[in-house]
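Worksheet for the structure shown next.
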Amino acid sequence: MKIVKKLMTALLGLVVVAAAVMIPNTAKAAGVTFTVHWNGSDWYFQRSTDSNWMQISSIDSVFADGDILVIDSLGDASAETCEVTITKRIGEACVANGVKGIINATVGVSKAYGASNGIIVINGNVDEVFASANGVIQVNGNVNVITTDYSAGNARYAVTGTVNKATAKINSETPDTYYAIPAGKMIPAADGIVWLADGQFSRTPVDGGSVINTPATTAPAGNANNQLDEVPKTGSFVFEISIVLLAAAAVFGVASAVVLRKKTR
């Protein structure tokens, strides 16, 4: 009987070790990247998992929670505006290369930014916003954290909802961190500074957190130095835990058969 117990312990240990080894770090990797391009007459998208191009009208049907959305341009799309509605949580949203993109994010966005003179408007809540002079971003909703970069000039952004935490030029030319900014106040003036009155901010952290899946708070739509006036404001292998459980069950099944056979002798 002692031999059987030792055998069971050893086999179970092997199952646990095998499970730990077979579950890769990539199980928590970022989602699929959806790249949207203008082909001269319409917008099409391509997923990072295949080479097929599909019309933008079908993007929401294949988009999943946590996927990444990049609106870019293969050709001249400077006169065109790409508007897309996504009903799942967007892991990351970016508009680049002079494109104007409107993203109706009904569930929200985890991270958002504009790059290479892209103009991005998000109608919905965003957990993290990165703003710089390299692109323009407007959020018509609440933001958990906004971080700004002034290495290339004044950051170009506007938030019409509330902001839990902001690191930006607020009430001075020196970037600083402010908290609990009410709706419609996180909009820079022409000098790139957000001017807040007493009672419109906190200098210490307050209760906050993810704004995804919370009702969006909006104030009259503002813009980043009038640059949005022309834009309408409208893992590679995942190890199934069930396999581990089945393996463990098999181990105990074999051990039980051994014990039963021993008892019947």
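Listed by first and then second residue, the salt bridge (charged side-chain N to carboxylate O under 4.0 Å, His left out) pairs that reach into residues 140-150 come to none, sequence neighbours excluded. Every pair tested for salt bridge (charged side-chain N to carboxylate O under 4.0 Å, His left out) that includes a residue from residues 109-122 fails, sequence neighbours excluded, so the list is empty.
Remark: the Thr162 side chain and the Asn164 side chain contain no N/O donor-acceptor pair separated by less than 3.5 Å. Side-chain contact annotation: Tyr113 with Glu128, donor-acceptor N/O pair under 3.5 Å absent.
With sequence neighbours left out, the side chain to side chain donor-acceptor pair (under 3.5 Å) criterion links Thr87 to Asp60.
With Tyr178 as the aromatic partner, Arg203 meets the cation-pi criteria of under 6.0 angstrom to the ring centre and within 45 degrees of the ring axis.
Side-chain contact between Lys169 and Asn154 is present, with heavy atoms from C-beta onward closer than 4.5 Å.
Between the Asp67 side chain and the Gly31 main chain, no donor and acceptor come within less than 3.5 Å of each other.
Residues Ile103 and Leu69 come closest through the heavy atom pair CD1-CD2, 3.8 Å. When every heavy atom of Gly184 is checked against every heavy atom of Ile187, the shortest pair comes out as O-CD1, 3.7 Å. Closest heavy-atom contact between Ala105 and Ile90: CB-CD1, 4.1 Å.
One hydrophobic cluster holds both Ile122 and Val163 under the rule that ILVMFWY side chains link at heavy-atom gaps under 4.5 Å.
Phe34 and Phe63 have tilted rings, their planes meeting at an angle from 30° to 60° on a 0 to 90° scale.
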